[in-house]
Amino acid sequence: MKHKGIYIVVAVVVLVPLGLLLRTFSASPLPMPKPYEGPLPSATPPPELAVFSAVTGVNHRNAAFGYRGGSFFERRDFSMAGTLVKHPQGDLLIDTGFGHNIDAQFRTLPLFFRAITFYSLLRPVADQLGASGYNLKSLRAILLTHSHWDHVSGVPDFPGVPVWVTPQEHEFIRKSSDMDFCRLFNGIRYEEYGFEGRPYLGFSASHDVYHDGSVVVVPAFGHTPGSVIVFVTLPRGTRYAFVGDLVYQLEGITEREERPWLVRRMGADEDAAANRENLLRMIALKERLPELIIVPAHDMRGFDKIPPLSQASKR
Ligand SMILES: [Zn+2]
Ligand SMILES: [Zn+2]
């Protein structure tokens, strides 16, 4: 009898909370929104406009970390990447992925996060650009989807290149979150931009970088207070959406699954409800435009649809 009591105590104290916690990782699709019904904005990109991917490293995770319903047993290497947008008015680097100093920077992150994070550095984007013969004078700015550690690590590898942020994200950087490396950098020239343009593909406002519709930034606040999505439209009409960490994996869109509660609680989302609103906007847009290529910052499958930086000099 005595043993039976112990089993009951173990069940209540350990197994019940564990079961409840595991439930938060189970599939729970968001309701399907109505497809986006608004106008499709026109773009007149110059013929030279092109995008190139630079995967700088990977974070060894599993699918369960990425989205509700993902398996703990399915390994996923999350991409840590930047994207070069070549434009005759000056190129942009959307996020940097891992930079030269990732190892030293990583040691400043919270202990618990480091204990569950295993990454491999492949090649920093600055080195990939150098190897492709890229002229750094062509780089007009680094455009951040947001300021988390894995998106800004390479910023100091580009001294003198301005970093474009929304005022909200700039404020977030000033507050110096422990998941952000910007607190470690000196002499970075942040340049703020606003959303003076009209609603764009379901998002409330827009910033048309080159005034030709080729690169349009929209506010998607939630994951961080100033997160953005960058739409790029190529001359032949191919449309990309660089969604940053709106979702970690494409199943966030295709299966309408948010990040698991625990991942969000660990600091993934500053405002989970706002992030959900933007996720639903993106799902609605994908329903209308199935050909839209969505590139979450950490999904290798998105970057597989972009030519790598090593091909940039051949074009
Ligand atoms: Zn993030
Ligand atoms: Zn990230």
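This is a predicted model, so every value here is computed, not measured. Residues: numbered from 1 along the sequence shown. Order of appearance sets the numbers: ligands from 1, and atoms from 1 within every ligand.
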Arg76 charged N/C atom sitting above Phe65 aromatic ring, 6.0 Å / 45°: no
Distance-only polar pair, side chains of Thr56 and Gln128, donor-acceptor under 3.5 Å: no
Test item: side-chain donor near acceptor, Ser79 and Arg301, under 3.5 Å: no
N, O or S atoms of the protein lying under 2.8 Å from the Zn ion (ligand 1): His146 NE2, His148 ND1, His223 NE2, Asp245 OD2
N/O donor-acceptor pair under 3.5 Å between Glu291 side chain and Thr238 backbone: no
Heavy-atom side-chain contact between Phe303 and Val295 under 4.5 Å: yes
Phe25 ring center near Phe72 ring center (under 6.0 Å): yes
